[in-house]
Structures are given as structure tokens and as C-alpha cells.
Amino acid sequence: MLSSEEAKELIALGRSAVKAVFRGERFFIPEDIKERFSEKRGVFTTLLTYPEGALRGCVGIVYPVYPLWKAVVDSSISSAFRDPRFEPLSEDEIDRVVWELSVLTPPQEVPKDGLPGIVKIGRDGLMVERGTHKGLLLPQVPLEHGWDALEFLRHTCLKAGLPEDCWRDPQTKVYRFSADIYLEREPKGEVVKVET
């Protein structure tokens, strides 16, 4: 788990990387950041408009294949410019969005016979996979929408572009994971751990 100060440092890193893209500059990572945040972790970066809190971009790296610092930089840039649901972030928006970082545990496949009962709302995120279709929803999503475990499964299937009951199909794999979530209270402001 990160401290609020460490999370603030990583969010500042992601924000600086996005600003470097706007300026067309190479972005250099300080060596001490590379050393302190070298553990490989999956990360999702969510950008939210401030103060409305509307989704502006959310892209992540599911599996722990990159050091934490790199996962934050890459997911921040992808959330700002590569979320296909939104126009790329404009430079004048950068100080009107807040960063939310979700640092993931590795996804674990769950047995079908335990579903939906073993899904704990507020703790678990879900990923559904069948063939080339994959959909993921973070642990905070069902809380935001008031879903129970069955609704959460259905919406994860839909996110994958599959029928809502595809989780029952033997060819479909269902994974769960947890996340530590950190949110800026305001752009470039205090960072708090979100309790789910």
C-alpha cells in the first residue's frame, strides 16, 4: 500500500508526463522515483472532470508487467489521449481534471460454481474474458452505480462486448482482483486513499 504522499508523487508524475506530451518534450523520470517505485504492478488511471466528477478517461495495465512508475506514466498518457470513448484531453483541460490511481493486485480466476456469491462489492474488481473479448470494471464501479454482485457480473460481460449472462458459459473466464485507490481532492491538490 502507498502512503498518501507517495500516491501524490505518482499522480504528479502522471500529470507531468501528460504535460510533456502537450509540449512535445521528452519526459525524464528521476532515478530515485525509478528506484522507489520499481515493484511491478497493474495500474488504472482515471481522469475525472473537476469539480463535476464526470469520467474523462480511464485506461490501465491489468497485469504487473511494468514497474509502478512506468505503469502510472503509460496509463496516464493513455487515459488522456487514447481512451476511445472520449476526445483526447486538450491542454486547457489539464488543470481541470483530477487523477484517480487504482493500483491492482494480480487478477485471479474464480470458479464458476461460486458465482455470483463469492464476489464482494467494494473489495473486488472483475474481468471477463472469452476469446478476443475482454472487459474489466474496477472495484469502485458497482459502488458508484449501486449494483449487486449479479449486476456487476452482467455489466462486466457487457463491457467485454459479450451477452450479459456470458459469465455462465464454460468458455468464459472470470477473474477478480482488488485495488488500492487514490484520488486527488482537487487538481494538483491533496491525495487521499479512497475507502471502498
Side-chain angles (χ1 to χ4, degrees), residues 1-2 4 7 10-11 41-65 68 71-72 75-76 78-79 82-86 97-186 190-196:
M1 189 186 305
L2 301 171
S4 293
L10 285 167
I11 286 171
R41 297 296 299 268
V43 172
F44 269 71
T45 296
T46 304
L47 302 181
L48 301 162
T49 62
Y50 181 82
E52 305 83 6
L55 183 63
R56 187 62 185 84
C58 181
V59 177
I61 297 158
V62 178
Y63 292 97
V65 292
L68 181 54
V72 168
S75 64
S76 292
S78 293
S79 293
R82 299 186 193 123
D83 187 328
R85 299 169 293 177
F86 301 97
V97 291
V98 292
W99 254 245
E100 181 182 79
L101 280 188
S102 299
V103 182
L104 312 186
T105 61
Q108 303 289 325
E109 189 172 359
V110 294
K112 293 285 179 47
D113 57 2
L115 292 172
I118 60 174
V119 176
K120 186 173 187 319
I121 298 297
R123 178 196 68 194
D124 296 332
L126 291 178
M127 184 170 71
V128 167
E129 191 174 70
R130 187 172 78 196
T132 58
H133 292 269
K134 186 182 291 187
L136 179 145
L137 290 173
L138 295 168
Q140 56 269 46
V141 173
L143 293 171
E144 292 164 1
H145 295 281
W147 297 337
D148 62 21
L150 181 57
E151 290 170 309
F152 189 19
L153 274 166
R154 288 174 172 161
H155 282 279
T156 310
C157 292
L158 294 171
K159 181 83 183 280
L162 294 165
E164 66 176 25
D165 62 348
C166 78
W167 61 272
R168 299 177 192 273
D169 186 322
Q171 301 301 310
T172 301
K173 293 183 177 181
V174 179
Y175 302 84
R176 68 177 172 179
F177 58 90
S178 61
D180 289 327
I181 304 160
Y182 304 90
L183 175 68
E184 284 184 307
R185 286 194 186 274
E186 60 188 34
E190 179 189 5
V191 173
V192 296
K193 186 173 188 299
V194 177
E195 299 303 330
T196 56

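Values below: every heavy atom of this structure, side chains too, minus hydrogens, waters and symmetry copies. Residue numbers count from 1 along this sequence.
Remark: R56 pairs with E93 by the salt bridge (Lys or Arg N to Asp or Glu O under 4.0 Å) rule, at least two apart or across chains. With sequence neighbours left out, R176 forms a side chain to side chain donor-acceptor pair (under 3.5 Å) with no residue at all. Scored by the ring pair (Phe, Tyr, Trp, His ring centres under 6.0 Å) test, H145 finds W147 as partners (sequence neighbours excluded). Among residues two or more places apart in sequence or in another chain, the side chain to side chain contact (heavy atoms under 4.5 Å, CB included) test is passed with E195 by K193. Scanning for side chain to side chain contact (heavy atoms under 4.5 Å, CB included) contacts around S178 gives T105, with sequence neighbours left out. The side chain to side chain contact (heavy atoms under 4.5 Å, CB included) test applied to E184 returns I11, R15, V98, W99, V191, not counting sequence neighbours. Remark: P116 engages A149, L150, L153, W167 in a side chain to side chain contact (heavy atoms under 4.5 Å, CB included) (not counting sequence neighbours). Residues passing the salt bridge (Lys or Arg N to Asp or Glu O under 4.0 Å) test with D148: none are found, sequence neighbours excluded.
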> Are S75 and V59 close enough, and set up right, to give a side chain to side chain contact (heavy atoms under 4.5 Å, CB included), and what steps lead you there?
Replying inline: CA-CA 6 Å; S75 64; V59 177; 5.5 Å; no

> Does the pair F44 and V62 meet the rule for a side chain to side chain contact (heavy atoms under 4.5 Å, CB included), with working shown?
Replying inline: CA-CA 8 Å; F44 269 71; V62 178; 4.0 Å; yes

>> side chain to side chain contact (heavy atoms under 4.5 Å, CB included) for F86 and L47? Distances and angles first, verdict last.
In response: CA-CA 11 Å; F86 301 97; L47 302 181; over 6 Å; no

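Heavy atoms only, all atoms of each residue included: P139 and F177 are closest at CD-CE1, 3.9 Å. When every heavy atom of A7 is checked against every heavy atom of L101, the shortest pair comes out as O-CD1, 4.4 Å. The two residues L48 and G53 come nearest to each other via the heavy atoms CD2-O, 3.7 Å.
For the atom pair CE (M1) and CG (D180), the distance works out to 5.0 Å, reported to the nearest 0.5 Å. Between K112 atom NZ and T172 atom OG1 the span is 5.5 Å, to the nearest 0.5 Å. Atom OG1 in T46 sits 9.5 Å away from atom CG in L183 (nearest 0.5 Å). For the atom pair CD1 of I181 and CG of L143, the computed distance is 8.0 Å after rounding to the nearest 0.5 Å. Rounding to the nearest 0.5 angstrom, the gap separating the CD atom in E190 from the CZ atom in R185 is 5.0 Å.
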Solution key, residues 118-127 side-chain donor-acceptor pairs under 3.5 Å, sequence neighbours excluded:
{"unit_1": "R123", "atom_1": "NH2", "unit_2": "I118", "atom_2": "O", "d": "3.4"}
{"unit_1": "D124", "atom_1": "OD2", "unit_2": "K120", "atom_2": "N", "d": "2.8"}

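Screening residues 154-166 for side-chain hydrogen bond (donor to acceptor under 3.5 Å, both in side chains), with sequence neighbours left out, gives no hits. The salt bridge (charged side-chain N to carboxylate O under 4.0 Å, His left out) contacts involving residues 133-144 comprise E129-K134, where partners must be two or more places apart or lie in separate chains. Pairs engaging residues 44-55 under the salt bridge (charged side-chain N to carboxylate O under 4.0 Å, His left out) rule: none recorded [sequence neighbours left out].
Between the side chain of S79 and the main chain of T45, a donor-acceptor pair closer than 3.5 Å is present. Looking only at distances, a side-chain donor or acceptor of D83 sits under 3.5 Å from a matching main-chain atom of C58. Formation of a donor-acceptor pair under 3.5 Å by the Y182 side chain with backbone atoms of L10 is not found in this model.
Between D169 and L162, every side-chain heavy-atom pair lies at or beyond the 4.5 Å cut-off. Taking 4.5 Å as the limit, some side-chain heavy atom of R130 sits within range of a side-chain heavy atom of P163.
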